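What follows is a set of notes on a single structure, which appears directly below.
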2 protein chains.
Amino acid sequence: MEAKEILKSSISKIATLSDTQFDYFFSHFKKHTLQKKEIIVRRGDMVEAEYFVVAGCLKSYFITPENKMCILQFAMPTWWASDYDALYHQTKATTILDCVTDAEVLSLSNDDREKLCKELHQIEYFFRWRTNKGFVASQRRLLSLMSNDVKYRYEELVRQYPQLYNMIPKNLLAAYLGVSRETLSRLYKD
Amino acid sequence: MEAKEILKSSISKIATLSDTQFDYFFSHFKKHTLQKKEIIVRRGDMVEAEYFVVAGCLKSYFITPENKMCILQFAMPTWWASDYDALYHQTKATTILDCVTDAEVLSLSNDDREKLCKELHQIEYFFRWRTNKGFVASQRRLLSLMSNDVKYRYEELVRQYPQLYNMIPKNLLAAYLGVSRETLSRLYKD
DNA sequence: AAATGAAAGTGATGTAGATCACGAACTTCA
DNA sequence: TGAAGTTCGTGATCTACATCACTTTCATTT
């Protein structure tokens with residue numbers, strides 16, 4: 001399936017757009033073909049777009065002063081990613097967005113998103129819905145981080161996203177779970 | 001200032017509504033006067049509304065099987081709160097929402113919000129904006145939880161929300177920071 | 001095919017923060 | 001005003017996980 005079709009199918013699960021409207025919407029996206037490890041948003045960059053994943057996998061993460069990597073999000077196909085803090089507040093990126101695997105993404109600039117949201121009520125509805133979903137997901141993760149131990153968090157992650165288990169190196173899963181790779185390695189002997 | 005004025009002023013910072021439009025919007029809210037410790041959303045309830053805080057302070061939290069309290073959010077005046085996971089997915093509440101102090105809130109049902117969002121584009125804009133803000137805030141907190149130690153998190157919290165420091169018992173601050181009250185107590189001798 | 005580097009396993013040891021236990025001070029309410 | 005509940009401080013001990021150090025396996029590049 002083509003990038004355009006994947007986006008269309010993803011949007012139409014939520015919002016109702018005519019073909020003409022969708023074509024107009026789509027005309028604001030740029031397609032990017034990226035290699036494993038390629039960096040999309042660099043720390044310190046001004047961020048002016050967000051990214052819809054068509055194929056492959058991205059990660060957004062923070063590097064602490066002690067050089068520890070903390071992964072905020074993996075982005076699989078049909079997910080969106082960016083440094084939303086920087087994007088919405090028009091400040092410099094504090095997190096990095098890069099490719100875990102070769103990937104294909106569609107970018108939409110902040111200005112175009114806002115323009116489209118104004119022009120088409122259904123687009124605004126879509127983006128409200130999408131952020132609602134992201135908000136709830138990140139609240140859930142917060143809760144899980146506060147209330148469960150590493151073992152349980154790891155099992156939950158594998159249960160909920162079995163694709164990640166095969167696709168993503170364990171050291172990255174550890175950085176997502178907020179645990180050292182050594183500890184994670186010791187855990188899954190069971 | 002009256003509840004209506006507080007809501008109006010809060011909304012008008014983001015969205016442009018005529019007086020008539022705002023009055024219509026406001027007509028969907030119900031006012032509630034609540035006492036300290038009063039419970040708004042109980043675990044297991046069906047959640048059908050969200051709450052705008054006019055005065056006082058709420059907290060939303062989860063109780064683990066081991067009886068540990070994990071606070072997801074404090075809600076101060078002009079903030080919104082609910083069990084959004086349950087509200088959006090129309091499932092039973094897993095978190096509790098109650099009053100840290102006596103409080104006055106305005107409730108808006110899920111159905112009315114969706115109806116209003118459909119009817120008035122500016123309302124949809126407002127709610128998209130609000131969730132964006134909440135999403136970014138919870139991503140930030142996630143990052144802080146993963147990358148900073150308790151001491152730093154505590155100092156950040158006090159720096160960012162000095163009101164909380166005086167208003168809220170330390171055991172609740174501990175439950176928000178994800179740390180035992182004893183450890184927190186030992187920390188702020190400095 | 002050799003070489004470089006990333007990913008992963010594992011032992012030894014260190015440490016931040018949890019848990020338990022007790023007592024003091026401060027609130028709330030009958 | 002007295003009693004019960006909340007909040008808070010602090011010592012002693014415990015533990016989950018981090019850190020360091022070394023080795024092995026596997027993947028990538030030239």
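Remember, it's a predicted structure, so these values are computed and weren't measured experimentally. So that the names make sense, note that chain A is the first sequence line, chain B the second, and so on, each numbered from 1.
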- Item | N/O donor-acceptor pair under 3.5 Å between B/R42 side chain and B/A93 backbone | no

Using a heavy-atom cut-off of under 4.0 Å over every strand shown, decide if A/K37 touches base, sugar-phosphate, or nothing.
sugar-phosphate

With a 4.0 Å cut-off (strictly under) to non-hydrogen atoms of chain A, the first and last hit nts on DNA chain C, 5' to 3', are C/dA6 to C/dA12

| task | Give a yes/no on whether any side-chain N or O of B/S185 is located under 4.0 angstrom from OP1 or OP2 of D/dC8. | result | no

So, are B/D23 and B/K4 salt-bridged, with charged N and O less than 4.0 Å apart? yes

B/R186 atom CZ is separated from D/dG9 atom P, nearest whole Å, by 11 Å

### Query
salt bridge (Lys or Arg N to Asp or Glu O under 4.0 Å) between B/D83 and B/K92: does it pass, once the steps are laid out?
CA-CA 9 Å; B/D83 180 334; B/K92 286 178 184 173; over 6 Å; no

Ranking A/E182 and A/D149 by the position along DNA chain D of their nearest nucleotide, the one closer to 5' is A/D149

note: B/M167, atom CE; D/dT7, atom P; distance rounded to Å ~ 14 Å

Do the side chains of A/E156 and A/R140 get close enough for a salt bridge, i.e. N-O under 4.0 angstrom?
no

- Message: Between B/N171 and D/dC8, is there a contact of a side-chain N or O with OP1 or OP2 at under 4.0 Å?
- Response: yes

Going by heavy atoms in the side chains, are B/E119 and B/Y24 under 4.5 Å from each other?
-> yes

Of B/T183 and A/I168, the one whose closest nucleotide on DNA chain C sits nearer the 5' end is A/I168

In whole angstroms, the gap separating C1' of D/dG9 from CZ of B/R181 amounts to 8 Å

Taking every heavy atom of B/Q139 against every heavy atom of A/S138, the minimum-distance pair comes out as OE1-CB, 4.1 Å

Per-nt protein contacts along nucleotides 25-30 of chain D (heavy atom under 4.0 Å; B base, S backbone sugar-phosphate only, - none) come out as ------

Note to self: On the six-membered ring of B/W80, is B/K133 placed so that its NZ or CZ lies under 6.0 angstrom from the centre and within 45° of the ring axis?
What the structure shows: no

To the nearest angstrom, the CG-C1' distance between B/L173 and D/dT6 comes to 15 Å

Comparing nearest nucleotides in DNA chain D, the 5'-proximal residue of the pair A/N148, B/K170 is B/K170

Quick check with a 6.0 Å cut-off and a 45 degree axis cone: is A/K151 positioned over the face of A/Y188's six-membered ring?
no

> Is it true that B/K59 and B/D98 have a side-chain N and a carboxylate O under 4.0 angstrom from each other?
Replying inline: yes

Side-chain contact check for B/Y188: nearest option of D/dC8, D/dA18, D/dG9 is D/dG9

